[in-house]
Participant: 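Sending over a structure as structure tokens; questions will come in a sec.
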Amino acid sequence: MRLSAYFMPTLKETPAEAEIVSHRLMLRAGMVRQASAGIYSWLPLGLRVLKKIERIVREEQDRAGAQEVLMPTIQSADLWRQSGRYDAYGPEMLRIADRHGRDMLYGPTNEELITEIFRTSVKSYRELPRMLYHIQWKFRDEVRPRFGVMRGREFLMKDNYSFDLDYEGAKKSYNKMFVSYLRTFARLGLQAVPMAADTGPIGGDLSHEFIILADTGESEVFCHRDFLDFDVLGAEVDYEADLEPVVQAWTRLYARTDDKHDPAVFEREVPADKRVQRRGIEVGHIFYFGTKYSEPLKAQVATPGGESVAVHMGSYGIGVSRLVGAVIEASHDKDGIIWPEAVAPFKVGLINLKIAAPDCNKAGEEIYAKLQEAGVEVLYDDRDERPGAKFAGMDLIGLPWQLVIGPRGLDKGVVELKRRAGGEREELSLEAALARLTG
RNA sequence: CGGGGAGUAGCUCAGCCUGGUAGAGCACCGUCUUCGGGAGGCGGGGGUCGGAGGUUCGAUUCCUCUCUCCCCGACCA
């Protein structure tokens with residue numbers, strides 16, 4: 001993409017409304033614009049990141065055996081009355097009436113709808129287990145939206161729902177998602193730690209929040225240092241195998257958010273040199289809720305013995321749009337964003353320092369064409385701007401690599417390759433630089 | 001929802017106290033000089049001063065109501 005033709009309205013100054021760093025940087029980098037409180041428009045650069053995150057989430061859901069569906073944003077109130085949540089949900093749910101005066105709502109979540117879909121089509125234990133997910137916009141009318149896309153009212157969320165015959169089966173589904181989440185966040189370049197979460201009236205130990213560590217996170221978290229060294233992506237996962245040992249390994253060590261933190265236990269279970277106290281952001285939540293919805297909504301299947309039982313369900317959420325902000329919170333410096341390669345909107349920012357110089361242009365066009373041929377996502381700054389503005393802009397949007405073509409280097413037959421994270425620069429021949437970026 | 005703050009140019013903000021018909025920097029357009037880390041000169045365009053009502057000869061400025069946004073707290077992917 002040529003920057004001269006790209007819609008990327010960057011800001012030199014920080015809009016007054018933005019408090020936290022990810023919000024500031026997303027506005028400044030031209031990724032989003034606020035439409036109203038907690039509701040955002042996604043501009044090209046931001047949308048590219050959102051789509052990349054979405055794709056990784058999708059790939060890992062599929063890999064774990066879940067199947068994608070797409071449910072609507074607008075739902076009828078009837079189902080919610082059946083589950084009892086229409087009244088229970090409160091003002092956080094956006095309620096709408098259609099032209100006929102029917103009560104509708106903008107879905108804050110989809111348990112009711114997916115259960116309805118399931119119950120009308122699945123009648124036998126033979127068709128279990130099933131995991132169905134979708135990635136869809138949700139709306140929760142937060143009293144006080146804040147932190148940009150991290151805590152918006154409208155947000156993109158992946159929610160998966162599992163259906164099993166009994167608790168044992170549900171636990172297997174739960175474990176699949178547990179492992180899937182570890183892989184998902186690792187692929188996004190994040191350190192995520194599963195922390196025991198409140199299971200509410202259901203009880204049991206099948207609820208975890210996945211917290212990523214970021215210095216600007218909204219809550220204090222405490223965990224064992226070994227979490228940070230686990231190699232998640234090292235081995236392929238066999239989702240049909242028994243995942244319990246993996247889950248055990250990840251839940252044995254201490255990891256709690258501040259509201260569950262117990263200093264006495266922390267100090268007893270974790271050696272002093274292994275204690276990690278950091279800030280964290282919740283980006284995922286997995287939850288087993290048994291027959292909470294299948295009973296009122298009558299999602300029943302026949303058992304091998306012929307009796308009808310309510311299915312055991314779980315739900316598994318990942319805040320996809322929140323992750324865009326969360327990645328920035330976890331990865332930035334004073335100059336701007338530092339994208340992990342997996343979610344970067346482009347891999348390379350190609351900077352032509354001097355548009356007016358024929359040799360710079362020739363080299364720039366050549367590299368741009370070759371990178372594109374090689375399938376490398378490249379943003380070519382071909383604007384007639386001063387070098388300082390180009391450097392600052394490229395640092396701000398945080399592409400992993402910057403390739404700088406300037407008269408000074410070309411005289412020596414070299415271009416400059418800079419890694420955004422760390423800032424190391426290297427002078428290379430044009431060919432060597434290309435080989436580096438396409439290799 | 002309780003408490004606090006803010007709405008003036010695309011962005012950051014001044015002016016309001018003490019009423020007289022709106023400014024700066026950045027951004028934008030033209031031009032000259034510059035050209036390896038958000039340059040400088042000159043010239044220019046751009047504002048229902050959030051909205052409604054009131055007081056006044058006259059309101060961005062004073063009063064009332066209202067809308068929106070932000071921050072702190074209680075709640076959440």
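These numbers come from the heavy atoms of this one structure, side chains and all, not from hydrogens, waters or symmetry mates. Letters A, B, ... are given to chains in the order of the sequence lines, protein chains preceding strands, and every chain is numbered from 1.
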Participant: Between residues 347-364 of chain A and RNA chain B, which residues have a heavy-atom gap below 4.0 Å?
Facilitator: L353(A)

Participant: Please enumerate all residues that pass side-chain contact (heavy atoms from CB on, under 4.5 Å) together with R386(A), with sequence neighbours excluded.
Facilitator: none

Participant: Write down the protein N/O and nucleotide N/O pairs, taken from nucleotides 46-50 of chain B, whose separation is under 3.5 Å; answer none if there are no such pairs.
Facilitator:
none

Participant: Side-chain atoms of residues 176-183 of chain A: list all donor-acceptor pairs with protein atoms under 3.5 Å, sequence neighbours left out, distances to 0.1 Å.
Facilitator:
{"unit_1": "S180(A)", "atom_1": "OG", "unit_2": "E60(A)", "atom_2": "O", "d": "3.3"}
{"unit_1": "Y181(A)", "atom_1": "OH", "unit_2": "K158(A)", "atom_2": "NZ", "d": "2.7"}
{"unit_1": "Y181(A)", "atom_1": "OH", "unit_2": "Y316(A)", "atom_2": "O", "d": "3.1"}
{"unit_1": "Y181(A)", "atom_1": "OH", "unit_2": "G317(A)", "atom_2": "N", "d": "3.1"}
{"unit_1": "Y181(A)", "atom_1": "OH", "unit_2": "G317(A)", "atom_2": "O", "d": "3.0"}
{"unit_1": "R183(A)", "atom_1": "NE", "unit_2": "E60(A)", "atom_2": "OE1", "d": "2.8"}
{"unit_1": "R183(A)", "atom_1": "NH2", "unit_2": "E60(A)", "atom_2": "OE2", "d": "3.3"}

Participant: With a 4.0 Å heavy-atom cut-off, tell me which residues in residues 45-66 of chain A come close to RNA chain B, sorted by residue number.
Facilitator: none

Participant: Which residues pass the ring pair (Phe, Tyr, Trp, His ring centres under 6.0 Å) test with H224(A), sequence neighbours left out?
Facilitator: none

Participant: Output the residues of residues 19-26 of chain A in contact with RNA chain B, where contact means a heavy atom of the residue under 4.0 Å from an atom of the strand; sort by number or write none.
Facilitator: E19(A)

Participant: Test of understanding: with side-chain contact (heavy atoms from CB on, under 4.5 Å), list the residues that count as partners of A35(A), not counting sequence neighbours.
Facilitator: I39(A), S41(A)

Participant: Taking only N/O atoms, report every protein-nucleotides 2-11 of chain B pair under 3.5 Å with atom names and distance.
Facilitator:
{"unit_1": "C11(B)", "atom_1": "O2", "unit_2": "E13(A)", "atom_2": "OE1", "d": "3.2"}

Participant: Assess whether a salt bridge exists between E365(A) and R2(A), defined as any Lys/Arg side-chain N lying under 4.0 Å from an Asp/Glu carboxylate O.
Facilitator: yes

Participant: Sequence neighbours left out, what pairs pass ring-ring contact (aromatic ring centres under 6.0 Å, His included) with at least one residue falling in residues 326-346 of chain A?
Facilitator: Y6(A)-F346(A)

Participant: Going by side-chain contact (heavy atoms from CB on, under 4.5 Å), name the residues that satisfy it together with R146(A), two or more places apart in sequence or in a different chain.
Facilitator: R144(A), R151(A)

Participant: Please write out the pairs of protein N or O atoms and N or O atoms of nucleotides 28-34 of chain B separated by less than 3.5 Å, giving the distance to one decimal.
Facilitator:
{"unit_1": "U34(B)", "atom_1": "O2", "unit_2": "R386(A)", "atom_2": "NH1", "d": "2.5"}

